[in-house]
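See structure below.
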Amino acid sequence: MRIGQGYDSHRFTEGRKLIIGGVEIPHNMGLKGHSDADVLCHAITDALIGAMGEGDIGHHFPDTDETWKDASSIDLLSKIVTLMNQKGLALSWIDSTIITEKPKIAPYINAMKESISKAGIPADIINIKAKTNEKMGFIGRGEGVAAQAVCLLSKK
């Protein structure tokens with residue numbers, strides 16, 4: 001068994017769509033990043049990479065490489081799922097948390113599971129929770145969003 005942990009955060013910015021878990025969420029701002037800045041997919045991707053002992057998301061998809069400019073984070077996650085399968089590993093579970101004051105995330109959780117499943121992860125092994133930061137820190141001030149994820153991998 002291997003356990004991986006992932007974390008990501010991005011600040012809000014004007015002029016971008018808000019994409020979390022591969023789902024566009026109505027909001028007056030999006031997240032700033034080299035790719036689509038999907039904090040949930042990035043946290044899950046980093047958890048998988050960590051469980052495989054393969055570094056981190058920046059190693060695989062550097063922000064200095066224009067290939068990944070505005071890339072879909074579902075596509076990036078799919079590439080890591082392919083690597084996981086090539087290494088003979090099977091994903092048993094993902095538990096994740098999205099932390100933001102606004103917008104409300106709960107109405108989009110099922111759509112996020114379905115979107116993430118397009119990367120090759122069955123929706124029924126994905127748990128997504130939504131929390132606020134109780135108005136503390138950069139998240140509490142409405143400056144950005146963070147996400148955490150853990151995963152469990154085993155040999156096939």
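Residues L48 and L77 meet the side-chain proximity criterion, which asks for heavy atoms closer than 4.5 Å. Put simply, the side chain of I19 does not reach to within 4.5 Å of the side chain of S73, judged on heavy atoms. Looking only at side-chain heavy atoms (C-beta outward), L18 and L31 come within less than 4.5 Å of each other. With contacts defined as side-chain heavy-atom distances shorter than 4.5 Å, the pair L40/I128 qualifies.
In terms of heavy atoms, E114 sits closest to A123 at OE2-CB, 3.6 Å. Across every non-hydrogen atom of L76 and S35, the tightest pair is CD1-CB, 4.3 Å. The minimum heavy-atom distance linking L89 with M52 is given by the pair CD1-CG, 3.7 Å. Across all their heavy atoms, T45 and F61 have their closest contact at CG2-CE1, 4.4 Å.
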Begin with the C-alpha distance, continue with both residues' side-chain angles, and end with the deciding distance and a verdict on salt bridge (charged side-chain N to carboxylate O under 4.0 Å, His left out) for K129 and D95.
-> CA-CA 8 Å; K129 302 178 296 290; D95 187 30; 2.7 Å; yes
Would you sort out whether K131 and I98 count as a side chain to side chain contact (heavy atoms under 4.5 Å, CB included), showing the intermediate values?
-> CA-CA 6 Å; K131 304 289 180 188; I98 303 162; over 6 Å; no
Kindly indicate, with the supporting measurements, whether the criterion side chain to side chain contact (heavy atoms under 4.5 Å, CB included) is fulfilled by I25 and M112.
-> CA-CA 10 Å; I25 298 173; M112 289 178 191; 3.6 Å; yes
Evaluate the side chain to side chain contact (heavy atoms under 4.5 Å, CB included) criterion for residues I116 and C41: first the C-alpha distance (whole Å), next the side-chain angles of each, then the deciding distance (0.1 Å), finally the verdict.
-> CA-CA 8 Å; I116 292 167; C41 285; 4.3 Å; yes
Should L83 and V81 be marked as a side chain to side chain contact (heavy atoms under 4.5 Å, CB included) after you check the CA-CA gap, both sets of side-chain angles, and the distance that decides it?
-> CA-CA 5 Å; L83 177 63; V81 170; over 6 Å; no
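At distances below 3.5 Å, at least one donor-acceptor pair connects side-chain atoms of D65 with backbone N or O atoms of T67. For H60 (side chain) and E54 (main-chain N/O), a donor-acceptor pair under 3.5 Å exists by modelled atom type. Under a 3.5 Å cut-off, the side chain of D38 and the backbone N or O of G21 do form a donor-acceptor pair. Between the side chain of S78 and the main chain of I74, no donor-acceptor pair closer than 3.5 Å is present.
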Please output the side-chain donor-acceptor pairs of residues 6-15 that fall under 3.5 Å, not counting sequence neighbours, one pair per line with the distance.
residue : atom : partner : partner atom : Å
D8      : OD2  : H10     : NE2          : 2.9
D8      : OD2  : H42     : ND1          : 3.0
H10     : ND1  : K32     : O            : 2.7
H10     : NE2  : H42     : ND1          : 3.4

Scan the side chains in residues 138-156 for donor-acceptor partners under 3.5 Å anywhere in the protein, sequence neighbours excluded, and list what turns up.
residue : atom : partner : partner atom : Å
R141    : NE   : E143    : OE2          : 2.7
K156    : NZ   : N85     : OD1          : 3.2

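Summarising the geometry, atom CD1 belonging to I3 is positioned 10.5 Å from atom OG belonging to S92; distances are rounded to the nearest 0.5 Å. Taken to the nearest 0.5 Å, the CD1 atom of I49 stands 5.5 Å off from the CD1 atom of I57. A distance of 8.5 Å separates CD of E101 from CE of M136, quoted to the nearest 0.5 Å. The structure places CG of L91 at 13.0 Å from CD1 of I80, a figure rounded to the nearest 0.5 Å. The distance from atom CG of D75 to atom CH2 of W68, rounded to the nearest 0.5 Å, is 9.0 Å.
With salt bridges taken as basic N to acidic carboxylate O contacts below 4.0 Å, none links D36 and R16.
I105 and I99 fall into different hydrophobic clusters, where Ile, Leu, Val, Met, Phe, Trp and Tyr side chains are chained together by heavy-atom contacts under 4.5 Å.
H34 is linked by a ring-ring contact (aromatic ring centres under 6.0 Å, His included) to nothing, counting only residues two or more places apart in sequence or in another chain.
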